[in-house]
Every structure is written in C-alpha cells, then in structure tokens.
Amino acid sequence: MIEQTLVLLKPDAVQRGLMGEIIKRFEQVGMKIVGIKMVWMDKEFSKKHYAAHIQKPFYKGLEEFMTAGPVVALAIEGLHAVETVRKMVGDTEPKKALPGTIRGDYAHHSYAYTDKRGIAIKNLIHASGNAEDAKQELALWFGKKELQTYKTVHEMHVF
Ligand code: AMP
C-alpha cells in the first residue's frame with residue numbers, strides 16, 4: 001500500500017511561482033518527497049512522457065506548452081500515493097476541478113477556451129494515473145540513485 005508516484009509541476013506552475021504552495025500541500029498531507037529536480041524538457045522527452053497521447057489532437061499544443069519552460073519533477077511516496085495525489089490534484093480541466101483541489105484552487109482554464117485556439121489546457125500539474133503508469137514514469141524521470149530513502153515524523157502516525 002506504500003506507493004510512489006510521479007508529479008510534474010508544469011511550466012505554468014513554475015512561472016506563476018506556485019512551486020512552494022503546491023509542494024507544501026503534499027508535505028502537509030503527510031506524503032514524503034523522495035525525489036525532486038527541475039528539468040527543461042525537449043520535444044523528444046515530451047514524446048516519451050506523453051507516449052499515450054502523441055496521436056491525440058491536443059498533443060501538439062501540449063508539447064508546445066510542456067517544452068516552453070522548466071518543470072519540477074517530484075517523486076512522492078506514501079500510503080495510496082497514486083490515488084491520494086490524484087485526488088489532491090483534481091479534475092484535468094481546471095474549470096471543472098473542485099475548490100480544495102490544486103487545480104480548483106489555483107486555476108480556471110477551460111477546454112471551451114483552449115480547444116478553439118489549439119493550445120494546451122493550463123492545469124499546473126501532472127500526476128501519474130495509476131500504479132503501472134507511476135512505475136514507468138518514475139523510471140523515465142528518475143535514476144535509482146536520485147530517489148532517497150529516509151524517515152519522516154509522519155511515518156510514526158501514518159505508515
Ligand atoms: P493525462 O495523462 O490524462 O493526465 O493527460 C495528460 C495531459 O494531457 C493533461 O494534463 C492535459 O494537459 C492534456 N489533456 C488530456 N486530455 C485532454 C483533452 N481532452 N483536451 C486537451 N488536453 C488534454
């Protein structure tokens with residue numbers, strides 16, 4: 001039940017100065033950050049990360065957005081980490097994301113606006129969709145030596 005998952009703070013989160021606010025939420029809920037780095041993705045790497053979406057009509061805009069500035073990659077560990085992090089992130093479309101979620105609290109972009117313009121939805125954050133994706137994405141983003149093992153005080157009460 002202790003899982004690891006991949007989170008990316010997308011270029012809009014970095015450029016809006018929301019890195020600290022977002023990371024704080026994961027720390028606050030008792031999740032453990034076991035890997036963290038800032039990376040400016042190129043198109044080739046974006047195609048690897050979003051392999052499942054390359055053929056989709058929104059991919060071009062998504063790639064443009066994701067390679068327009070650096071992202072922060074986080075490896076996050078915790079009880080039911082994949083599901084818990086997804087719940088905290090909220091719906092993919094910020095307009096639909098509930099208040100209290102990261103997208104619902106810090107963004108409001110809509111597909112109605114972006115689809116017409118062929119641009120990506122600015123939704124601040126990526127989080128692995130399931131345990132299998134999390135494994136693959138963590139292997140793509142982090143070397144084994146970049147993932148740390150240490151104890152947090154939360155583990156006394158949570159793990
Ligand atoms: P996912 O792997 O489902 O998290 O999707 C990855 C990213 O692709 C999302 O965070 C959005 O930026 C983008 N995306 C997913 N679905 C759509 C869609 N229907 N229209 C536009 N962008 C999308």
Side-chain angles (χ1 to χ4, degrees), residues 3-27 29 31-142 146-147:
E3 298 173 332
Q4 291 185 344
T5 189
L6 179 83
V7 162
L8 300 178
L9 307 184
K10 295 183 177 183
D12 54 337
V14 173
Q15 289 167 15
R16 289 180 54 194
L18 292 173
M19 290 179 283
E21 288 294 328
I22 295 172
I23 292 169
K24 180 178 151 210
R25 288 183 173 219
F26 295 121
E27 291 185 313
V29 82
M31 290 279 150
K32 177 156 69 170
I33 314 285
V34 294
I36 184 166
K37 62 183 171 185
M38 185 176 265
V39 177
W40 196 318
M41 266 201 274
D42 59 18
K43 292 184 173 179
E44 196 184 330
F45 196 82
S46 170
K47 287 187 179 72
K48 284 187 187 161
H49 174 73
Y50 282 126
H53 295 310
I54 291 175
Q55 304 302 334
K56 300 201 177 142
F58 60 81
Y59 180 74
K60 192 172 169 280
L62 179 61
E63 183 182 86
E64 241 164 60
F65 168 48
M66 291 299 290
T67 58
V71 306
V72 171
L74 301 162
I76 297 185
E77 183 178 293
L79 199 52
H80 312 293
V82 175
E83 189 188 333
T84 303
V85 166
R86 292 281 288 196
K87 179 186 71 177
M88 293 172 71
V89 165
D91 195 273
T92 306
E93 182 185 25
K95 175 175 170 280
K96 216 164 128 193
L98 293 174
T101 65
I102 293 165
R103 287 171 176 151
D105 283 351
Y106 296 108
H108 64 279
H109 232 198
S110 72
Y111 288 140
Y113 183 81
T114 58
D115 285 356
K116 266 193 201 150
R117 290 163 179 79
I119 59 169
I121 193 116
K122 307 286 170 68
N123 61 4
L124 298 169
I125 186 162
H126 164 84
S128 304
N130 55 55
E132 197 180 313
D133 285 359
K135 263 201 191 108
Q136 278 175 14
E137 291 176 2
L138 284 165
L140 177 67
W141 281 88
F142 287 96
E146 292 177 309
L147 297 179

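In this text the structure is predicted, and so the values were computed from the model without any measurement. Start at 1 and go down the list; that is how both ligands and their atoms are numbered. One-based numbering along the sequence shown.
The aromatic rings of His126 and His49 lie perpendicular to each other, with more than 60° between the two planes, well past the 30° mark.
In this structure, Ser128 contributes its side chain and Leu6 its backbone to a donor-acceptor pair below 3.5 Å. At least one donor-acceptor pair under 3.5 Å links the side chain of Glu3 to the backbone N or O of Ala81.
Identified under the side chain to side chain donor-acceptor pair (under 3.5 Å) test for residues 78-87, with sequence neighbours left out: none. Applying the salt bridge (Lys or Arg N to Asp or Glu O under 4.0 Å) rule to pairs touching residues 51-72 yields Lys47-Glu63, Lys60-Glu64, sequence neighbours excluded.
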Which N or O atoms of ligand 1 sit under 3.5 Å from a protein N or O, and how far apart is each pair?
residue, atom, partner, partner atom, Å
ligand 1, 2 (O), His53, NE2, 2.9
ligand 1, 5 (O), His53, NE2, 3.3
ligand 1, 10 (O), Lys10, NZ, 2.9
ligand 1, 10 (O), Asn123, ND2, 3.0
ligand 1, 12 (O), Lys10, NZ, 3.2

Which pairs of donor and acceptor atoms, one on a side chain in residues 7-26, lie under 3.5 Å apart (sequence neighbours left out)?
residue, atom, partner, partner atom, Å
Lys10, NZ, Asn123, OD1, 2.7
Asp12, OD1, Leu124, N, 3.4
Asp12, OD2, Leu124, N, 3.0
Arg16, NH1, Tyr106, O, 2.7
Arg16, NH2, Tyr106, O, 2.9
Glu21, OE1, Tyr106, OH, 3.2
Arg25, NH1, Gly100, O, 3.3
Arg25, NH1, Asp105, OD2, 3.3
Arg25, NH2, Asp105, OD2, 2.7

